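Note that the structure is predicted; figures quoted are calculated from it, not measured. Computed over heavy atoms, backbone and side chain alike; hydrogens, waters and symmetry mates excluded.
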Amino acid sequence: MSPSNLFAKFCLLALGFTLAPHPLTAAPATSAELIPVNTARSQMTLLVGTDQRLYQLAYGSAGNSPAIPAKTPGRDAEFYPQAGDGFLFEPALLAVHTDGNTSTDLRYVSHTVTALDSNVTLTRIELKDSYYPFHVALNLKTYRNEDVIEQWAEISHDEKGQVTLERFASSSPELPGGNYWLTQFHGDWAKEGQLAEEQLTFGTKVLDTKLGVRAHQYRTPVFLLSKNGPAREDAGEVYGGTLGWSGSYQFAFDVDPAGKLRALTGINPFNSAYHLARHQLFNTPKMFWSWSAAGKGQISRNFHRWARRYILRDTGQLRPVLLNNWETTGFNFNEPKLTALLATAHDLGAEVFLLDDGWFGDKYPRDNDRAGLGDWQVNPRKLPDGLGYLTQAAHQRDVRFGIWLEPEMVNPASELYHRHPDWVIGQLHREPQLQRNQLNLDLSRPAVRDYVWKVINDTLAPNPGITYVKWDCNRFVTQPGSFYLKPDEQSHLLIDYNWALYDIMGRFATNFPNVTAMLCSGGGGRVDYQALRYFHTFWPSDRTDPRDRVFIQWGYSHFFPACAIAAHVTRMNERPFKFTLDVAFSGALGFDLDFAKLSPDEKAEALAAVALYKNDLRPIVQQGDLYRLVSPYDGQRSALDFVSEDRSHAVLFTYQIASGPADTVKPQGLDPQRHYRIREVNLAVGTASRLPGQDTVVDGATLMRDGITPACTKEFDSAVIEFTAE
Ligand code: DGJ
């Protein structure tokens with residue numbers, strides 16, 4: 001060794017570095033081993049190579065399970081690639097170890113496969129760095145019948161000091177060779193869930209958000225990847241992915257020079273370096289995948305069934321029909337107005353009355369959106385007899401009572417802000433930037449977490465008559481700083497915020513199991529399968545013009561079941577009333593309109609519609625399988641049908657969004673052997689059905705082959721057609 005090399009070695013040793021390669025501490029694998037991760041129709045096959053690295057051999061049809069290859073795959077096939085030690089492309093993990101080393105070299109240690117029940121199996125694979133006491137446990141939970149694979153990583157270490165995580169994907173599978181078309185669901189306030197599809201080419205396509213809270217304002221955390229052509233409803237290989245994370249996320253679709261696609265998904269690493277203390281556990285959010293060889297329609301049905309069984313609250317219970325006051329009164333209400341609306345709710349047959357924004361604030365009354373957020377005491381001028389009076393009045397009318405909360409926010413014009421100006425999210429030396437005149441509370445601060453929980457508890461616990469909550473969140477983060485976190489922890493803010501939020505939402509769901517809950521974020525600004533664990537429905541959009549709702553509900557239906565998608569009848573843009581009702585029927589029905597302004601015919605139609613929905617349509621729509629039949633993106637109409645699980649009932653909706661000739665619609669999902677009575681329902685007052693075949697009985701095979709031809713030709717014509725097995 002030359003003197004200069006010796007000197008360099010001395011310096012490195014003095015700094016605590018070791019030059020000699022460290023022997024592997026992971027258990028040596030003597031031979032390669034397969035780790036199959038199977039659902040009924042799909043499989044993801046992993047391989048522990050003879051070099052003890054973890055590779056992915058396949059993800060796709062269960063019929064194509066690969067065998068152990070003769071040769072260890074190339075590094076580009078690593079299942080959870082780490083930066084800094086030979087991997088060439090987008091890594092899943094980048095950790096900076098306590099000595100500054102920016103490389104990680106994970107090797108297999110062991111794995112376990114645990115059947116959690118007859119449908120759910122957890123495969124847990126322990127990996128460890130070849131030198132550092134740095135651990136990653138990859139978890140893959142399979143939902144067999146629903147063909148869903150859930151993946152997340154648990155990262156921890158035993159190094160002496162802090163390890164900084166710069167990248168930490170939840171999942172990073174490689175999709176088998178082919179060309180892929182990516183569908184994203186983008187939008188904005190009042191324009192959520194819009195589809196855009198493109199072919200992926202070489203390089204990295206990133207879909208992300210950096211907004212931290214209300215983070216899905218411009219893009220819901222879901223996507224489709226269709227192999228060898230644009231996604232079709234009922235044919236072709238399609239992968240669907242959705243991340244359970246309400247904060248900033250990143251989906252990076254990386255096509256390498258050989259044309260192989262890797263999909264990296266997880267928390268957005270942007271401005272989110274996480275300093276992990278010794279023995280601290282960093283859990284990534286859960287990523288959910290589904291694969292289908294029968295098009296994106298099957299992906300949707302997989303996710304719908306899975307969400308109804310495992311994610312959403314109380315899916316055995318049908319979602320109640322609501323009457324909400326927001327579109328009718330805005331902030332301008334008082335006790336007599338609300339009592340009158342309660343009477344309307346009763347007459348209409350609605351099951352819940354939901355009192356929206358504006359009921360609180362004393363010194364800073366919430367009479368508009370400029371004041372009051374943070375002060376959750378009843379406004380004594382609007383509601384002199386308090387919430388108890390209203391819940392009682394609702395009870396007397398046999399209607400449940402619900403209330404609006406936005407507990408994560410504060411207006412500067414509030415007592416809370418005056419008491420605790422440092423409780424907000426904001427940056428030192430910067431002018432606070434308001435949105436809708438409000439600021440985000442900093443949930444990384446324990447006192448704020450306690451306060452937010454107290455708001456919820458103090459509203460609900462003394463008022464057991466409140467059995468419905470709409471949880472709103474009307475701004476995102478543009479100045480991501482905390483006046484609580486230390487300078488070097490600032491990049492933790494948006495991650496800590498969202499875990500704290502789930503903790504509070506979890507307490508809310510556990511402590512108030514009888515309270516039905518709607519997730520809202522100025523519409524669909526927060527729609528994901530982690531937050532939805534604590535809710536029954538979500539509010540997809542403030543845009544309730546039914547013409548736009550056809551598109552918005554179509555978009556969300558790709559990943560979220562109709563029982564979760566709140567669909568309210570309003571008078572936005574004064575569309576024909578029947579069309580408005582028919583569009584709202586294909587979700588969780590509610591109303592937000594002034595009955596006094598309806599014509600006598602419209603009143604009669606509304607009453608009949610609620611009865612029809614409650615008695616006939618609701619179980620089929622909310623618990624059945626969805627088939628999207630005609631896309632509103634393809635022409636003048638949209639059509640879809642829902643089929644009950646036992647296939648004895650189905651309901652088909654068709655919505656004309658522009659004028660055009662009557663066309664045949666072919667229902668799907670019926671039992672070909674059974675005979676169904678065809679019945680057009682929800683006819684406008686004074687009209688009769690013009691459906692050819694109305695009230696006849698036809699077998700499922702013929703119906704699905706020949707279809708039906710609703711008499712819909714003009715913009716805003718619509719039809720609701722029931723099929724009942726006899
Ligand atoms: C936004 C929601 O999307 C609306 O439905 C309504 O609740 C308002 N907030 C109230 O401020």
Side-chain angles (χ1 to χ4, degrees), residues 37 39 41-46 55-64 66 73-81 87-92 147-151 169-186 193-208 219-243 249-266 287-303 555 558-559 628 631 633-634:
V37 178
T39 67
R41 281 157 292 266
S42 74
Q43 55 80 25
M44 193 183 260
T45 304
L46 309 183
Y55 297 96
Q56 181 193 319
L57 293 183
Y59 179 28
S61 168
N64 300 336
R75 294 287 301 277
D76 55 342
E78 276 194 69
F79 184 56
Y80 194 73
F87 185 72
L88 297 179
F89 305 108
E90 284 291 324
D147 283 318
V148 170
I149 300 179
E150 169 181 344
Q151 191 187 340
S170 293
S171 151
S172 53
E174 221 181 50
L175 303 191
N179 295 313
Y180 283 92
W181 270 253
L182 167 69
T183 306
Q184 59 166 303
F185 297 77
H186 68 104
Q194 308 295 305
L195 274 74
E197 188 168 30
E198 67 190 296
Q199 185 178 359
L200 292 172
T201 58
F202 297 101
T204 308
K205 166 90 188 178
V206 171
L207 300 179
D208 77 344
R219 191 168 290 108
T220 307
V222 301
F223 60 82
L224 297 167
L225 288 164
S226 167
K227 194 171 170 185
N228 297 335
R232 286 174 289 163
E233 281 294 338
D234 51 6
E237 272 192 75
V238 182
Y239 298 80
T242 175
L243 184 72
Y249 68 83
Q250 186 190 74
F251 299 151
F253 303 96
D254 189 35
V255 180
D256 74 12
K260 285 196 295 185
L261 168 63
R262 185 182 290 279
L264 298 116
T265 63
M287 178 68 197
F288 308 102
W289 287 95
S290 187
W291 170 89
S292 148
K296 63 177 180 165
Q298 187 60 47
I299 292 286
S300 302
R301 289 185 288 282
N302 291 347
F303 277 120
H558 283 75
F559 284 83
R628 286 180 300 264
S631 168
Y633 287 86
D634 290 346

Side chain to side chain contact (heavy atoms under 4.5 Å, CB included) partner of L225, the single match among V238, L200, T183: L200

Derivation of the side-chain contact (heavy atoms from CB on, under 4.5 Å) call for W291 and M44: CA-CA 10 Å; W291 170 89; M44 193 183 260; over 6 Å; no

All ring-ring contact (aromatic ring centres under 6.0 Å, His included) counterparts of [X], not counting sequence neighbours:
X    : answer
Y249 : H216, F251
F87  : none
F303 : W306, F559

side-chain hydrogen bond (donor to acceptor under 3.5 Å, both in side chains) partners of [X], counting only residues at least two apart:
X    : value
Q151 : S171
T204 : D254
Q56  : none

Side-chain heavy-atom pair [X], [Y] within 4.5 angstrom cut-off:
X    : Y    : result
R262 : P81  : yes
V37  : Y59  : no
V206 : Q250 : yes

So, using side-chain contact (heavy atoms from CB on, under 4.5 Å) as the criterion, who are the partners of [X] when residues are at least two apart?
X    : result
D147 : T39, A40, R41, S42, S290, N302
N179 : W181, Q199, N228
R628 : E233, K296, S300, W554, S557, H558, L626
A235 : R232

Holding to salt bridge (Lys or Arg N to Asp or Glu O under 4.0 Å), I want the full list of residues that pass it with E198, two or more places apart in sequence or in another chain.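 E198 satisfies salt bridge (Lys or Arg N to Asp or Glu O under 4.0 Å) with K205 once adjacent residues are dropped.
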
With R219 via salt bridge (Lys or Arg N to Asp or Glu O under 4.0 Å) - residues at least two apart: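 Testing R219 for salt bridge (Lys or Arg N to Asp or Glu O under 4.0 Å), a comparison that skips the adjacent residues, returns none.
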
Looking only at atom types and distance, does a side-chain atom of T220 sit under 3.5 Å from a main-chain N or O of V222, one as donor and one as acceptor?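 Here the side-chain-to-backbone pair does not exist.
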
Would you please test F253 and L207 for side-chain contact (heavy atoms from CB on, under 4.5 Å) and show each step? CA-CA 8 Å; F253 303 96; L207 300 179; 3.9 Å; yes

Output, in order, the C-alpha distance, side-chain angles, deciding distance and verdict of side-chain contact (heavy atoms from CB on, under 4.5 Å) for E150 and F288. CA-CA 4 Å; E150 169 181 344; F288 308 102; 3.4 Å; yes

Working to the nearest 0.5 angstrom, can you tell me the gap between Y55 OH and E174 CD?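 So the OH of Y55 and the CD of E174 are separated by 12.0 Å.
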
Measuring from S292:OG to E237:CD, what's the distance to the nearest 0.5 Å?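 So the OG of S292 and the CD of E237 are separated by 8.5 Å.
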
